[in-house]
Number of protein chains: 2
Amino acid sequence: MEPILEDLEQAEGLAALQSASEEIRDHYGVDHVVYHWVDSAGDQYGCGTYSDVWRDRYLEQNYLRVDPVILGCFQRFHPVDWKRLDWSSKPARTFQAEAIAHGVGNQGFSVPIRGPNGQFALFTTSHSCDDDVWAAWTDAHRRDLILIAHTFNEKALEFEPDRAPEQSQALSPREVDAMTFLAMGYSRAQVADTLSISEHTLRVYIESARFKLGAMNTTHAVARAMSRGLIVV
Amino acid sequence: MEPILEDLEQAEGLAALQSASEEIRDHYGVDHVVYHWVDSAGDQYGCGTYSDVWRDRYLEQNYLRVDPVILGCFQRFHPVDWKRLDWSSKPARTFQAEAIAHGVGNQGFSVPIRGPNGQFALFTTSHSCDDDVWAAWTDAHRRDLILIAHTFNEKALEFEPDRAPEQSQALSPREVDAMTFLAMGYSRAQVADTLSISEHTLRVYIESARFKLGAMNTTHAVARAMSRGLIVV
DNA sequence: TTTCCACTCCCCAGAAATAGCGAGGCGGCA
DNA sequence: TGCCGCCTCGCTATTTCTGGGGAGTGGAAA
C-alpha cells in the first residue's frame, strides 16, 4: 500500500484527489472509493468513484438525513462495516435499495473523521460481494483505510482553507460557560444564577457569542458552538 | 510495529493501556508516551509514562489552558511537531521550562484525535535529542503513531461507557425537520413557512420533540438532538 | 501609554417562545 | 374494530428572549 499512500500524500489540488480515489479503487480492487465532507451548512464536498447520476440523486433527495452510513458514523469513532449499521427504518431501506440499484454495492466500510470546529468527513469503500469475502478484505486493510482516510482529510483541509481552521472565532471563557449551560437546558435566569452574574451581563455574553458565531438566535448559536466543538455537552 | 499494535488492540481494561504505553515507549526508544483525554470539565482520563509529580503538577496548575500542545492541537487536524507550535507567550515559556525540568523532553510529536460529541484526545511522544534526530524519527514513524493514536482512543472509548451513545427515542420525520431548521437558526415562523405548515402545528412538533428528548426548552432539545446524532447540522 | 478586549452592570419596548386548553383526519397494527 | 402515533389546525395568556441604547473596571498587548 505504500506507493498508493505516497501518491495521495503528494496530491496537489482537488482534481488530484479525484484521480487518487480512482487509483485506490483499482489498487484494492473494490467497486467504489469515496471521500466526502459533511458541513454544518449541509454543504458538501466530495470526491470518489460513485456515478454522477447517483451523486446528483443523493444531493437532490437530501439523503444526507436518511443515509444510515452518515447517521451511524456520526455517533461513532470506530470505522464501521455497513452491516453493523441500523438499516431497519423504512426510509433507510428504500435508500439502500436505490443505492444498490445505482451500483454502490451491497458491502461497505466507512471511516469517520473529525477535524477542528466540528468538521466531519467520511471515507468509504464499497463493493459487491458476499459477507465472508468482505470481512476478510476489511480485516486485511483496516489499518490502510484508516491512514488513507486520515490523509484524504489532511489534503481536503489543505485545499479548502476557508472552511477549516481559524475561520471561526474562539469564544471567551464566559461565553463558553453561557453556551454550555444554555445547551444543558438552563434558562437565561438560571444560567445567570449559576454563573453568579446578573442576567443583563449574561445577555451580553450570549449576544457576543451569537455575533462571533454568526448566529441568528440563541438556539442557532448553541448549535454552532456544538458543531464546531467549542462546547462539550 | 505490528506486534505492538496488536498488543494494544487486545488490551483489556485501563491498566492494560497503561502498560501498553510503556511497551510502546520501550519499543520506539523514546522518553515518553502519553495518551490523554481532554474535556471541557478537565482531564477525565489519561495514561502514559510521565512522572506522577509532573502529572499532578499539570493538573493542579490547570496547565490544560496554557499548554501550547493542547491549544495548538485543538485547532488542527494534522499530527504536529512541538517545534511548530506557538511557544511565544510568557505563560507558555514558563510552562515549557518546567516541563523540560520534569524530564518531559525537548522534542515532542502529538496526534490530535476527535470522537463524537466533541470528544478530544491527544496521543503524544516526547524525547530528548536534537532536531535532526527527532525529525528523522517522526518521519519514519508518523504513520505508526497515527494508528496507535487511533487505537488508543478506540480503547479509551470502549472503557468509558458513559461516553457511549445512549439509546434515545427516535424523532418522527417532521420532528427531525423542525429540529434541523431550528438548529440552522430559523425562527418558528420561518420553519413553519419552510415546511409549509402553520406555526401552531410546528409548535406541536417542537413540544413533542422536547418531550421525547427530555428537554426543558427548544435550545435544549436541539442540543440533545445534535449530540445524539438525531439531526445532522 | 494607549488601545483593545473581556468582564461586569443598568433600562426599556417589542418580538418571540411557552403553557394550557381544544379539534379532526390518516395510516398502521392487533 | 379499536387503539395509537403522526400530521394538521385553532385560541388566550404569560413568560422569556431580543435589540436598541448606556457606563465602568481591569488586564494584556502594541
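Proteins come first, then strands; the chains are lettered A, B, ... in the order of their sequence lines, and each starts at number 1.
- Taking each heavy atom of B:A92 and B:D86 in turn, the nearest pair found is CB-O, 4.4 Å.
- In this structure, A:F74 and B:P116 have side chains that are not in contact, with every pair of non-hydrogen atoms separated by 4.5 Å or more.
- Here A:S208 lies out of heavy-atom contact (under 4.0 Å) with every strand.
- Among the nucleotides D:dC9, D:dT18, C:dA19, the one closest to the side chain of B:S198 is D:dC9.
- Between A:I206 and B:P173, it is B:P173 whose nearest contact on DNA chain D lies nearer the 5' terminus.
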Could you run down the sub-3.5 Å N/O contacts of the protein with nucleotides 11-16 of chain C?
unit_1 : atom_1 : unit_2 : atom_2 : d
C:dC11 : N4     : A:R203 : NH2    : 3.4

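- Nucleotide D:dT16 holds its C1' atom 10 Å from the CG atom of B:N217, rounded to whole Å.
- Considering only side-chain atoms of B:V204, the nucleotide from C:dC10, D:dT8, D:dC7 that sits closest is D:dT8.
- Straight-line distance from the CG atom of B:L195 to the C1' atom of D:dC7: 12 Å, rounded to whole Å.
- Annotation: B:F123 is in aromatic contact with B:F152 [ring centroid separation under 6.0 Å].
- With respect to the salt-bridge test (charged N to carboxylate O, under 4.0 angstrom), the residues A:E199 and A:R203 do not qualify.
- Base contact: B:T201 has a heavy atom under 4.0 Å from a base atom.
- For the pair A:S172 and C:dA6, the criterion of a side-chain N or O lying under 4.0 Å from OP1 or OP2 is not met.
- Note on A:K212: a side-chain N or O is less than 4.0 Å away from OP1 or OP2 of C:dA6.
- In this structure, A:L202 places its CG atom 9 Å from P of D:dC17, rounding to the nearest Å.
- Distance B:Y205 OH to D:dG10 C1': 15 Å, rounded to the nearest Å.
- Side-chain N/O atoms of B:H32 and B:S126 include no donor and acceptor closer than 3.5 Å.
- Ring-plane geometry between A:H127 and A:W134 is classed as parallel, the angle between the planes falling under 30 degrees on a 0 to 90 degree scale with a further cut at 60.
- Within the 4.5 Å cutoff, the side chain of A:K155 has no heavy atoms near those of the A:Y35 side chain.
- Between A:H36 and A:Y58, the two ring planes are perpendicular [angle over 60°; tilted spans 30° to 60°].
- The aromatic rings of A:W87 and A:F95 sit parallel, their planes meeting at an angle under 30°, below the 60° perpendicular limit.
- Salt-bridge annotation for A:D81 and A:R84: absent, with no side-chain N of the basic residue lying under 4.0 Å from a carboxylate O of the acidic one.
- Regarding B:F211, its CZ atom lies at a distance of 13 Å from the P atom of C:dG20, rounded to whole Å.
- What separates CD of A:E207 from C1' of D:dG21 is a distance of 11 Å, to the nearest Å.
- One interatomic measurement links the two molecules: CG of B:D177 to P of D:dC6, which rounds to 14 Å at whole-angstrom precision.
- If you take CD of B:E175 and C1' of D:dC6, they are 8 Å apart, rounded to a whole angstrom.
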N/O contacts under 3.5 Å, protein versus nucleotides 25-30 of chain C?
none

